[in-house]
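Each remark here refers to the structure printed beneath this line.
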Number of protein chains: 2
Amino acid sequence: MLAEDLLRLLGSTNRLRIVERLVAGECSVKTLEAELAIRQPTLSQQLGELRKAGLVIDRREAQSVHYSMAPDHIEQVQRVLSALNSADAQRSHKPKSETRPVHAAQFGRVLSD
Amino acid sequence: MLAEDLLRLLGSTNRLRIVERLVAGECSVKTLEAELAIRQPTLSQQLGELRKAGLVIDRREAQSVHYSMAPDHIEQVQRVLSALNSADAQRSHKPKSETRPVHAAQFGRVLSD
DNA sequence: ATATTATATTAGATTATGCTAATTTATGGA
DNA sequence: TCCATAAATTAGCATAATCTAATATAATAT
């Protein structure tokens with residue numbers, strides 16, 4: 001995925017909110033729908049865009065489908081998101097030595113370090 | 001300017017190329033036109049978008065108009081741009097203690113530190 | 001099997017975006 | 001003044017993006 005594509009994907013309200021939520025941890029479509037107040041088809045379409053770009057992955061569990069950030073991209077996305085806040089400017093991001101699973105609450109932890 | 005707006009502005013090929021060039025230093029429209037091979041009206045329109053968002057500033061000098069990154073936003077943009085490259089992940093960006101003019105070649109310098 | 005819940009897909013309308021061509025405005029020189 | 005150069009603006013078009021409503025699919029429970 002090109003840098004430009006990532007920027008474009010994050011440059012729409014709904015997708016940015018979805019990604020911000022997923023960076024905080026895996027979430028079902030149903031929960032996203034409730035938390036973000038985005039209608040189901042819109043949500044499914046935008047999740048589809050993010051999935052097509054490889055930015056998120058999905059996992060079926062019974063009736064529901066759970067989305068989370070793709071491991072390959074979560075760090076990049078975290079860097080970009082925190083780069084947007086100048087308050088966060090002086091914090092360096094840890095290099096990729098920390099290779100444990102980062103599917104949940106990673107962004108929040110970095111912010112509160 | 002909202003984070004989303006910055007991401008959207010950077011999420012188009014021409015605007016991203018323009019910003020990448022301006023982060024390297026001030027540039028006239030004419031020079032941008034030649035360097036980026038973007039037609040004059042397109043260039044002027046996209047520069048207008050960037051200017052309207054406060055991301056770039058312009059300065060008239062004789063017949064030509066010179067654009068540069070807005071001081072208020074250059075560091076944020078640099079952070080976002082370098083956040084896109086994982087190779088650059090571990091480099092921290094200097095806090096704003098360094099308050100000298102940063103209108104030229106700032107991004108290149110950071111990359112080659 | 002049928003119904004229920006969750007998600008995806010399709011179709012369609014509306015709006016936004018990004019380009020080109022043509023024109024206009026601004027500046028400086030002959 | 002008249003011309004040349006640089007940049008901005010306008011108009012128009014083609015395409016992309018984004019939403020809603022309706023429908024289809026998937027999984028589960030009764």
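Every heavy atom of this structure was used, including side-chain atoms; hydrogens, water molecules and symmetry mates were not. Letters A, B, ... are given to chains in the order of the sequence lines, protein chains preceding strands, and every chain is numbered from 1. Note that the coordinates shown come from a computational prediction; the quantities given were computed from them, not determined experimentally.
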Verdict with supporting geometry, A/Ser68 and A/Ile57, side chain to side chain contact (heavy atoms under 4.5 Å, CB included): CA-CA 6 Å; A/Ser68 56; A/Ile57 57 177; 3.4 Å; yes
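Side-chain contact between B/Asp58 and B/Leu47: absent, with no pair of heavy atoms (C-beta onward) separated by less than 4.5 Å. Here the side chains of A/Leu7 and B/Leu6 are not in contact, with every heavy-atom distance at 4.5 Å or above. Taking the side chain as every heavy atom from C-beta outward, B/Met1 and B/Leu9 approach each other to under 4.5 Å.
The CG atom of B/Leu50 sits 13 Å away from the C1' atom of C/dG18 (whole-angstrom rounding). When the P atom of C/dA6 is taken as reference, atom CG of A/Leu47 falls 16 Å away, rounded to whole Å. Rounded to a whole Å, the CD1 atom of B/Ile18 is 13 Å from the P atom of D/dA7. At whole-Å resolution of the value, CG in B/Leu43 and C1' in C/dT20 are 14 Å apart. Going from atom CG of B/Leu32 over to atom P of D/dA6 covers 14 Å, rounded to whole Å. For the pair A/Ile38 CD1 and D/dT18 C1', the interatomic distance rounds to 12 Å; values are reported in whole Å. One interatomic measurement links the two molecules: CG of B/Leu36 to P of D/dA7, which rounds to 13 Å at whole-angstrom precision. Atom P of nucleotide C/dT7 and atom CD of A/Gln46 are separated by 16 Å, given to the nearest angstrom.
Residue A/Arg8 places no side-chain N or O under 4.0 Å from the OP1 or OP2 atom of C/dT17. Look at A/Asn14 and you'll find a side-chain N or O under 4.0 angstrom from OP1 or OP2 of D/dC19. Distances shown here put every side-chain N or O of A/Tyr67 at or beyond 4.0 Å from the OP1 or OP2 atom of C/dA6.
Between B/Arg59 and B/Glu61, at least one side-chain N (NZ, or NE/NH1/NH2) sits under 4.0 Å from a carboxylate O, which counts as a salt bridge.
A/Ser44 comes within 4.0 angstrom of a nucleotide base, judged by non-hydrogen atoms across all strands.
Residue A/Ser64 has its side chain nearest to C/dT7 when only D/dT18, C/dT7, D/dA6 are considered.
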May I have the list of side-chain donor-acceptor pairs in residues 27-43 of chain A shorter than 3.5 Å, sequence neighbours left out?
{"residue": "A/Ser28", "atom": "OG", "partner": "A/Thr31", "partner atom": "N", "Å": "3.0"}
{"residue": "A/Ser28", "atom": "OG", "partner": "A/Thr31", "partner atom": "OG1", "Å": "2.9"}
{"residue": "A/Glu35", "atom": "OE1", "partner": "A/Arg21", "partner atom": "NE", "Å": "2.6"}

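To the nearest 0.5 angstrom, B/Arg15 atom CZ is 13.5 Å from B/Leu22 atom CG.
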Pull out every protein N or O sitting under 3.5 Å from an N or O of nucleotides 20-27 of chain D, one pair per line with the distance.
{"residue": "D/dT20", "atom": "OP1", "partner": "A/Arg39", "partner atom": "NE", "Å": "2.7"}
{"residue": "D/dT20", "atom": "OP2", "partner": "A/Thr42", "partner atom": "OG1", "Å": "3.1"}
{"residue": "D/dT20", "atom": "O4", "partner": "A/Gln45", "partner atom": "NE2", "Å": "3.1"}

